[in-house]
**Student:** 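Take a look at the following structure, please.
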Amino acid sequence: MAHHPIDDCNHSDAEHFQEVLARGRLSRRHLIQGGLGLVAVSSIPLMGMSEARAEQKPAELDFDAVAKSIADQIVLPAGFTFTVLHATGDRISSDVPDYSNQGTEADDWSLRIGDHHDGMDIFHVGPRGRYTERDTRRAVLVVNHESSADAHFFHEKGQTTNGVSGKKFSQFSASSGGWDLGTRLESEVFKEINHHGVSIVEVRRGRDGRWEYVVDSELNRRVNGQTPVRMAGPDAHLADIHRFMVTRYDTTGKTSRGTLNNCGHGKTPWGTYLACEENWATYFYMPNGSVDVDAKTKASRQRYGVIRAPFTGTTGAPGQGWSAVATKATDDRFARWDVSAPGASAAQDFRNEPNTFGFNVEIDPLNPDAVPAKRVAMGRFAHEAAVCSIPVKGKPLAFYMGCDSQNEYIYKFVTTAVWDPRDEGRGMAAGDKYLNEGTLYVAKFNDDGSGVWIELNTANVSALNPGYAATYTFANQADVLVNTRHAATAVGATRMDRPEWGAINPKNGEVYFTMTNNSSRTVANTDGANPRAYADNDGLTRSGNPNGHIIRFRELGSVATAVQFTWDIFLFGAEEDAGAGINLSELTDKNDFSSPDGLWFSQATGICWIQTDDGAYTDETNCMLLAALPGQVGDGGAITVNNSLGGASGSKNTFIGATLGEARLRRFLVGPKGAEITGLTETDDGRTLFVNIQHPGENTPALGAGPFKFQSQWPGNEGHGPAGRPRSATIVITREDGGVIGL
Ligand code: FEO
Ligand code: CA
Ligand code: CA
Ligand code: CA
């Protein structure tokens, strides 16, 4: 279309997708070997959009959409069933007893499944225990564990502070003008630190087709808040990077401990897992009266929301209270969360501890001896998913990444090394080859439907915005990588409506990103890529962009190294009875949704799975999973959005994808109360889906004087594990007739 300046209409396969399915799965292996994909894309001559549309018309979905639900259960279409693979607290070694679900465990969480299941991927085990992309009956499932907002469920009587149990720690609020951390129990704090991180467990498919996890596999392990990690980065800047990481734990800054708040994820073509650190900034604290950090460190912390203290506010929790243990003075496992600066240098305290978080953490799932690596070259921010472009032999790879906070950015990292399929299965050595050296970019979306990637380097941050030095001065390239958010603001990136997950369409390499919502979007600061600002006054009232949208873009020439792209908005979330100016994607009762978060393309079916983490529509429905069959960027057209909010009104031009209708967008699952639906992977034949149910019962009040007043008691209430407290879980969904899911 004329209004898309980079409208090359490239697409990879004119073949009907059902025919691809009939022949066998569409896998990365096929793409690497050149049967389909980006190499083929660029050789297809340009064609008119109408021809492209006709040839790309996707198949229809084949299941009955489920209704919205506020029941405390999993709702699936007729003909589908689920089992619980594992839930929070399940043991991964028979050295510990079965989970009580009463909070009576000791600190044995290094041998149990963590909490808040989130991003997830499956790694098949091939001959001689090596990673393979081929479907086998034996695999390792890796699951992120996001946070500890419900930590009161892990203790018998809720959290204990100053000897009082039953309140959430965060309820011990201001006393005389500042926060008093009080004193927390060592045993409780260890339980909380250790249920964070990542669970890595072996799963097997039995003869009956059912997947179960193996309690005593040698491959089972936890990477948690205390696991040793190494700080990895580009050779030329590594010494400078390590200077940012110096603490009393490692005065060289080469190593650190733990990963926290692992949300979205990535899977590399060589077979490793990227656990993305999202809201890590909320774990640190400075006591009142403690020695403050220097001005530059303060400016860094401010941009990330690290408590900059002495904290004198009266709302919000000061960290997680993990430094408030009586033995802190002599035990660095607690002292590390106090990020004040009492020492003569950074080597004598933990002022730099926050610099060691905010990265993609690479883990080799099939090698328990491999030390996880934090990939500093990919930037430091509230990482939310790191999705790899379709690998093309002999070409660089791109990893697309979101920073999930209001008005933050979309990034990409392009590897210096070119893809060599022989690196499949080479673990962390391959990770060092691809993820240390490369170029980091941030996205700028232009209102005309084009976009550019701006490289983040010392030259650009000063050339593009010399005035930014008044806010933050970059010492060197290591500083750009460690203070990525500052760098991205300096170069003028587009402020997005909370970038959550990304996903790559395996058919054409186009990149999709969920913008989950943004309560701070106003009519005045809308832009083409974030064009809505409105009030939702139906039921729960919210404003800004409360229902979110999904943006997608095609790189110029469909190559990972492009510095220009074309975008449109694939879908706008909305209540089906919202006004026409809000429900722009013409959603109906069968496919309306709010706050898209998890996003994942099936290699087997081409379905784009959309998961929600919502608080705007929960009066009418719990969070959900939808299936979509997308076309491609530019298959819709230009529209004008008429906004009205808070007395202001105005219009904004944007580009919207073709209306999908119920044939190509349907609700597949609704979760239990208070849960977010997040994390999804499948077996390569498309017949088994693994889906994560995070924090059911999230809004259960603290214990108080009486028994818990549960918002949810899932999954125990559906017969999965001990009844009582709600638990996050991985469920396994199959079709009762054993067929491919969704088509
Ligand atoms: Fe952890 Fe951005 O959701
Ligand atoms: Ca509403
Ligand atoms: Ca409604
Ligand atoms: Ca998320």
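Read the numbers this way: they start at 1 and go in the same order the structure lists the ligands and their atoms. One-based numbering along the sequence shown.
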**Student:** Below 2.8 Å, which protein N, O or S atoms neighbour atom 1 (Fe) of ligand 1, ignoring water?
**Tutor:**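 For atom 1 (Fe) of ligand 1, the protein N, O and S atoms that sit under 2.8 Å away are Glu146 OE2, Cys263 SG, Glu278 OE1.
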**Student:** Verify whether the ring centers belonging to Trp501 and His265 lie closer than 6.0 Å.
**Tutor:**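 Centroid separation for Trp501 and His265: below 6.0 Å.
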**Student:** Can you confirm if the NZ or CZ of Lys267 lies within 45° of the ring axis of Phe123 and under 6.0 Å from the centre of its six-membered ring?
**Tutor:**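 Yes, Lys267 lies over the aromatic ring of Phe123.
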**Student:** With side chain to side chain contact (heavy atoms under 4.5 Å, CB included) as the test, pick out the partner of Leu669 among Val75, Asn622, Ile677, Leu626.
**Tutor:**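 The side chain to side chain contact (heavy atoms under 4.5 Å, CB included) with Leu669 is passed solely by Ile677 among Val75, Asn622, Ile677, Leu626.
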**Student:** Counting only protein N/O/S, how many atoms fall short of 3.0 Å from the Ca ion (ligand 3)?
**Tutor:**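 Number of qualifying protein atoms: 5.
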**Student:** Rounding to 10°, state the angle centred on the Ca ion (ligand 4) that links OD2 in Asp597 with OE1 in Glu500.
**Tutor:**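 About 80° at the Ca ion (ligand 4).
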**Student:** What pairs with Glu586 under side-chain hydrogen bond (donor to acceptor under 3.5 Å, both in side chains), at least two apart in sequence or on another chain?
**Tutor:**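 Result, side-chain hydrogen bond (donor to acceptor under 3.5 Å, both in side chains) vs Glu586: none returned.
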**Student:** Is there a donor-acceptor contact under 3.5 Å linking the side chains of Ser199 and Arg112?
**Tutor:**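 Short answer, no.
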**Student:** Above 12 or not: heavy atoms from other molecules or residues under 6.0 Å from CZ of Arg495?
**Tutor:**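 No, not enclosed.
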**Student:** Could I get the full list of side-chain hydrogen bond (donor to acceptor under 3.5 Å, both in side chains) partners for Gln226, not counting sequence neighbours?
**Tutor:**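 Here the qualifying residues are Asn194.
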**Student:** On the ring face of Phe359, is Lys374 found with NZ or CZ under 6.0 Å from the centre and within 45° of the axis?
**Tutor:**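 The answer is no; the distance or angle limit is not met.
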**Student:** Tell me, please, whether Phe284 has Arg336 positioned over its six-membered ring: NZ or CZ under 6.0 Å from the ring centre and within 45 degrees of its axis?
**Tutor:**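 Because its charged atom misses either the 6.0 Å distance or the 45° angle limit, Arg336 does not stack over Phe284.
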**Student:** What distance separates Leu665 CG from Leu61 CG, expressed to the nearest 0.5 Å?
**Tutor:**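 These two atoms lie 7.5 Å from each other.
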